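First, the structure itself, so that you have it in front of you.
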Amino acid sequence: RMLCETSVYYTPANSDIGLSIILTIVDDFIIVARDRATMAEIKRRLCTVWTISDKGPAEWVINLRVQRDRPAGILKLDQAAYIERKLREYGLDKLPGKRLPMKPSQPVSAAMCPSTSAEKAEAATLPYRSRTGSLNYLRITRPDMCCVISMLSQYNKLWGKQHYDA
């Protein structure tokens, strides 16, 4: 078991089955092994402790779609379905896509925070924290958005309409 991440178990490369990784998510296991024989051995060992059922290769894991290209040795994770669901939820699904998640010429700042009672009341009606929280989950597969998400999240306590529109 890893000390820094208690839901991840591994066997070292010099073990009898070589390097393998087992991720646990509630009552699910995701096993990463060098080949099918190693995978079968890990499953056999798990069966000696728990009753397990093999659901086959993972297609979805915590809102991440798993795609494999075994001949090329490529494993891809994406959140396209999550992104589409959130765009629909926030009524943004009809907007044209953009290459950059935020205009570089449009930095957010404390000067955009509401200062009058009317501005604060208007900002309170906006689901700013909900949106930044949804964006935060995208950091897993969208490192290109990390900077923007960090910038916007700085204003989760006090945001204005300009932060929301950014």
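Please read all numbers here as calculations on a predicted model, not as lab measurements.
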*Can you sort out the partners of Arg36 under side chain to side chain donor-acceptor pair (under 3.5 Å), two or more places apart, ordered by chain and number?*
none
*With sequence neighbours left out, what residues match Arg139 under side chain to side chain donor-acceptor pair (under 3.5 Å)?*
Asn136, Ser150
*Same cluster for Leu126 and Ile149 if Ile/Leu/Val/Met/Phe/Trp/Tyr side chains link at under 4.5 Å?*
yes
_Count I, L, V, M, F, W, Y as connected when their side-chain heavy atoms are under 4.5 Å apart, and connections chain through other members. Are Val32 and Trp60 then in the same cluster?_
no
*Mind running side-chain contact (heavy atoms from CB on, under 4.5 Å) on Arg45 and Thr11 for me, showing each step along the way?*
CA-CA 12 Å; Arg45 292 180 186 186; Thr11 59; 5.7 Å; no
*asked:* Return the CZ to OG1 distance between Arg1 and Thr6, rounded to the nearest 0.5 Å.
replied: 5.0 Å
*Among all residues two or more places apart in sequence or in another chain, which pass the ring pair (Phe, Tyr, Trp, His ring centres under 6.0 Å) test with Tyr137?*
Tyr82
*Does anything in residues 106-132 pair up under ring pair (Phe, Tyr, Trp, His ring centres under 6.0 Å), and if so which pairs, sequence neighbours excluded?*
Tyr128-Trp159
*Are Asp93 and Arg88 close enough, and set up right, to give a salt bridge (Lys or Arg N to Asp or Glu O under 4.0 Å), and what steps lead you there?*
CA-CA 5 Å; Asp93 53 324; Arg88 279 192 307 275; 5.7 Å; no
*Which ILVMFWY residues can you reach from Phe29 by hopping between side chains whose heavy atoms are under 4.5 Å apart?*
Tyr9, Ile17, Ile22, Ile31, Met39, Ile42, Leu46, Val49, Trp50, Ile52
_Working to the nearest 0.5 angstrom, can you tell me the gap between Met112 CE and Glu119 CD?_
12.5 Å
*Any chain of hydrophobic side-chain contacts (each under 4.5 Å) joining Leu19 to Leu23?*
no
*Nearest 0.5 Å, what's the OG-NE2 distance between Ser109 and His163?*
6.0 Å
*State plainly whether one hydrophobic cluster holds both Leu135 and Leu158, where clusters connect Ile, Leu, Val, Met, Phe, Trp and Tyr through side-chain heavy atoms under 4.5 angstrom apart.*
no
*Indicate, with yes or no, if Ile21 and Leu3 share a hydrophobic cluster defined by side-chain heavy-atom contacts under 4.5 Å among Ile, Leu, Val, Met, Phe, Trp and Tyr.*
no
*asked:* How long is the straight-line distance from CD1 of Ile83 back to NZ of Lys86, given to the nearest 0.5 Å?
replied: 12.0 Å
*Show your reasoning for whether side-chain contact (heavy atoms from CB on, under 4.5 Å) applies to Val66 and Glu59.*
CA-CA 5 Å; Val66 180; Glu59 295 176 7; 5.7 Å; no
*Kindly compute the distance separating CZ (Arg85) from OH (Tyr90), expressed to the nearest 0.5 Å.*
10.5 Å
_If the condition is side-chain contact (heavy atoms from CB on, under 4.5 Å), which residues does Ile25 pass it with, not counting sequence neighbours?_
Ile30, Val61, Ile62
*Go through the steps to decide whether Thr132 and Tyr155 satisfy the test side-chain hydrogen bond (donor to acceptor under 3.5 Å, both in side chains), and finish with yes or no.*
CA-CA 10 Å; Thr132 57; Tyr155 301 97; over 6 Å; no
